[in-house]
Each structure stands twice: as C-alpha cells, then as structure tokens.
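Worksheet: the structure to be examined is printed underneath.
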Amino acid sequence: MKAPFVYGTAADSQHFTDREKETLRLKNNFEYGVNTIIISPRRWGKTSLVNKVASMFDKNRKIQIVRIDAFSVRSEEDFYRLFATEIIKQTASKAEEWIVTAKNYLSTLVPAISVTADPMNPLSLSFNNMNKRYSDDVLHLPEQIAQEKGIQIVVCIDEFQQIGELSDSVFLQKKLRSVWQHQQATSYCLFGSKKHLLMNMFNKYSMPFYKFGDVISLERIPLACWQSYIQERFINSGKEISDDFIRQIYEYVDGNSSYVQQLSWLIWIATDKVVNDEIFTQAKNNLINLNGALFLEQLGNLTSYQLNFLRALLCGKGDDINKKETIDKFELGSSANVSTIKKALQKKEVIEVSGKNITFTDPLLPHWFHDNINLWL
Ligand SMILES: Nc1ncnc2c1ncn2[C@@H]1O[C@H](COP(=O)(O)OP(=O)(O)O)[C@@H](O)[C@H]1O
Ligand SMILES: [Mg+2]
C-alpha cells in the first residue's frame, strides 16, 4: 500500500492538490515562451508545481523542459558546468548525441565526456575545464539547440537564489540577463525560497533581473482543498477524521503544505478508527520532536541579542519591537541595534519581515521554542 501522505520530496500527481490557476498560468507561460519567476516560502509547493507543469509537456516534442537544481552551486564555474551538463543531457536521449552536441557548440571547452555503467547514474557528462571564459558559449547553448531542432526550450532553475549569493553575483546576473533576454526559442522559469534575496533580485529597479518575467507569488493551499484531500485518504482506509481536526492541523502549521502532510501522516498512522484529542496531541508532539534537532542547530548559531529578539516575538511583541519598553524588557540594546538584529535574523532565514509584520519563517519554530524556552533563558 502506498503512503497516503507525502512530505520531504515534491508531491507527485497522486499527492498533488489544488493549484489549478497557477498550473494553467505556468503552462501558458511555458507554451508561449514567457519567462516566469516563482517565489514562496520553503516547502509550500514550488518544485511540485513546476514538476507537474513540466510533466504536461512529456509527450510534446515541440517543447522541451529542462530542469536544473542550483542548490549546490557555489561558484560561477559550478553554475556554468551544471547548466551546460543539464542542457545537453536533457535535450537528447542518447549519449552519442550528447557528445555531438558538446563538440558542435562547446568545442572550445574540450569536454571530457565519461560514460559509466553505474545503474544509479548510468551516464555522466563532465567538463574538465570549465571557466568563465566559456560562459558565452554555455549561455547560448539552449537557444542554439532549440533553433537547430526547431523546438522551444524552457529552462527551469530551482533554488535560483543561490546565484544571488555568489560573490560578484550582480556581474553574473547582468551577463545572464543580457544573453537570455534576446533568446527567441528559449524561455526561463526561475524559482526559489529565500524570499528577501529573490525579491531583491527581481523587484529592485537597479538589479539586472528587474522585470524579467511574470512573477508568481505562491500562496498557501486553502483549507478547503486540504479538507477534501485529507478526508478522502482517511475514508479510503476506513478511518475517520473530523473537519475540525483538519482545521486544527492547518492552523497549527500555519498552512505550510509540507507540515500539513507530515502532521496528517503522523495522525493517520496512529489512528485505528477515529482521530481523537489524545492522538492529535501526541502527533503534534512527535512533529515538534522530529524537527527539534534542526531548531537546536539553528538557534545554536544565534547571538543572545538575536535570541532575545525571538523571545520578544514569541511574546507577541513583534509590532512593538521598537518601543523603549520592549527594548528594555527584552534587553535588545537600542533601536538601532533592533534593526541590525532584525536584518541578521532575516538573512539567517529565521524570520520573515513584510512591512511592519514580523513572523517566524518556520511555523513550527514558535511551538518548539515555546516548549523549550527554558533552554534559552
Ligand atoms: N500541490 C500540492 N499538493 C499536496 N501537497 C503539496 C503540494 N505542494 C506541496 N506539497 C507538500 O509540500 C511538500 C514540499 O513541496 P515542494 O514542492 O518541495 O516545496 P518547495 O519547492 O516550495 O520547497 C511536499 O513534499 C508535499 O508534502
Ligand atoms: Mg523546492
């Protein structure tokens, strides 16, 4: 029997709910070559959405989707290597064809192409000598392949904020934009989670990627969709959960898609027939404990000022964080210090700031913090 709930990896078609409007919008963008930027907090469903839309083009020979995950990119060279490798691999099915493509378009690079028999990674393509000097050839690659084959290519780059974190990143961004915006048969879908970094890249007038494309800001999947999704899975396995418990799940994790699935799973697995308060409470505790190590590590890296700031936030003082009373009570130093702390916490992705509104990035952190507050006094 397949697990009724999935978390930790992108939701596949069986586990995918809602997102009809965004699916259609993204599908149209892919079809008509419109560049797209997708931004949402981590684990709300960007990768799942892009995978779903990409799979709708599986049988379409005229539109080829290339998916790249920039998560591990640490340098410009890394990026060019990954970009060239994935474009070549994903636009041709046979290794012989890879070699031809690489030789035709990247001949200056003298690529070393290795073909291994490892069943987990049957064919691998590697470049010995990737260097900034070759960047033009690499960036023109998808357009050249698309033109030659008479197809359209959509390049999807996940965790795109990595590009914004490289040293000399603005220079690289300028370069990417200047090449990409002139391409006719290639379009781009760029997405990632670090909201403040991505907003900075795409919404600032002075930045190269300003107005690069259609910006989709992914919202929470609504409670009503989760209600039918979760109900269906309980009913199909002869178990019962009330809509009120589903609402409580949703509220507890602040609508975070991944945690909704994880908490539902923990409840489902502990339920014989009908969900009750005891099962629900135990599952919530399990969820917190499962994530506790991560929080410990995250908070272990904070200064005492930063921890004081989080305590204030936890006590509902987010709106009054700059008031003298709050600064004194939570020992935050000064008003200038508060804004330094806020910036640092945002950079560390512990909090999200939107105007005056400050929230914890991870909706479980305040619950965990609350249970373990003594550790941090
Ligand atoms: N459309 C969806 N339907 C059901 N669950 C989803 C959906 N999108 C995301 N999820 C849940 O959230 C988790 C994280 O999704 P993912 O696409 O990896 O998010 P992101 O790329 O934004 O970090 C998935 O494992 C799944 O549990
Ligand atoms: Mg993702």
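All ligand and atom numbering here is 1-based and tracks the order in the structure.
Rounding to the nearest 0.5 angstrom, the gap separating the CD1 atom in I37 from the CD1 atom in I216 is 9.5 Å. With values rounded to the nearest 0.5 angstrom, Y7 atom OH is found 10.0 Å from Q261 atom CD.
At a heavy-atom cutoff of 4.0 Å, ligand 1 is contacted by both the backbone and the side chain of F16. Neither the backbone nor the side chain of K52 comes within contact range of ligand 1; no heavy atom lies under 4.0 Å. Neither the backbone nor the side chain of Y259 has a heavy atom within less than 4.0 Å of ligand 1.
Under the 30°/60° scheme for interplanar angles, the aromatic rings of F234 and F5 are found to be tilted. By the 30° and 60° cut-offs, the orientation of the rings of F360 relative to F369 is perpendicular. Relative orientation of the F209 and F212 rings is perpendicular, given thresholds of 30° and 60° on the angle between their planes.
The closest non-hydrogen atom to atom 11 (C) of ligand 1, taken over C225, S40, G45, S257, comes from S257. Taking each of T9, D12, I38 in turn, the one with a heavy atom nearest to atom 24 (C) of ligand 1 proves to be T9.
In terms of polar-atom proximity, Y229 is not counted as a contact of ligand 1, lacking any N or O under 3.5 Å from an N or O of the ligand. Looking at R19 next to ligand 1, no N or O pair under 3.5 Å apart turns up.
Taking a 4.0 Å cut-off on heavy atoms, W265 fails to register as neighbouring ligand 1. In this structure, V6 counts as a contact residue of ligand 1, since one of its heavy atoms falls inside 4.0 Å of the ligand.
Given atom 22 (O) of ligand 1, the protein heavy atom at minimum distance is K46 NZ, 2.6 Å. Nearest protein heavy-atom neighbour of atom 16 (P) of ligand 1: S48 OG, 3.6 Å. For atom 13 (C) of ligand 1, the closest non-hydrogen atom of the protein is S258 CB, 3.6 Å. The protein heavy-atom contact nearest to atom 3 (N) of ligand 1 is T17 N, 2.8 Å. For atom 7 (C) of ligand 1, the closest heavy atom belonging to the protein is I221 CD1, 3.8 Å. The protein heavy-atom contact nearest to atom 4 (C) of ligand 1 is H15 O, 3.0 Å. Closest to atom 6 (C) of ligand 1 among all protein heavy atoms lies A11 CB, 3.8 Å. Nearest non-hydrogen protein atom to atom 23 (O) of ligand 1 is R43 N, 2.7 Å.
A pairwise comparison of heavy atoms in I163 and S169 identifies O-OG, 2.9 Å as the closest pair. When all heavy atoms of W368 and L299 are compared, the closest pair comes out as CZ3-CD1, 3.4 Å.
Screening I341, L310, L365 for a side chain to side chain contact (heavy atoms under 4.5 Å, CB included) involving I351 leaves a single residue, L310. The side chain to side chain contact (heavy atoms under 4.5 Å, CB included) test with I145 is passed by exactly one of T186, T101, V66, N104: T101.
Close approach of ligand 1 to Q261 is summarised as follows: ligand atoms under 4.0 Å from at least one heavy atom of the residue are 4 (C), 5 (N), 6 (C), 27 (O). Within ligand 1, the atoms closer than 4.0 Å to a non-hydrogen atom of W226 are 4 (C), 5 (N), numbered from 1 in the order shown. Close contacts of ligand 1 with G8, meaning ligand atoms under 4.0 Å from a residue heavy atom, involve 25 (O). Counting the atoms of ligand 1 from 1 in the order shown, those under 4.0 Å from a heavy atom of Y7 are 25 (O), 27 (O).
Backbone or side-chain N, O or S atoms of T47 reach the Mg ion (ligand 2) at under 2.8 Å.
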Does the pair E251 and R247 meet the rule for a salt bridge (Lys or Arg N to Asp or Glu O under 4.0 Å), with working shown?
CA-CA 6 Å; E251 284 171 4; R247 183 185 53 74; 3.0 Å; yes

R42 and D362: salt bridge (Lys or Arg N to Asp or Glu O under 4.0 Å), yes or no, with the steps?
CA-CA 9 Å; R42 197 186 296 246; D362 193 312; over 6 Å; no

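Cation-pi check for K317 over F330 is not met; the charged atom does not lie both under 6.0 angstrom from the ring centroid and within 45 degrees of its normal.
Q231 and D243 are linked by a side-chain donor-acceptor pair at a separation below 3.5 angstrom, with hydrogens and angles left out of the test.
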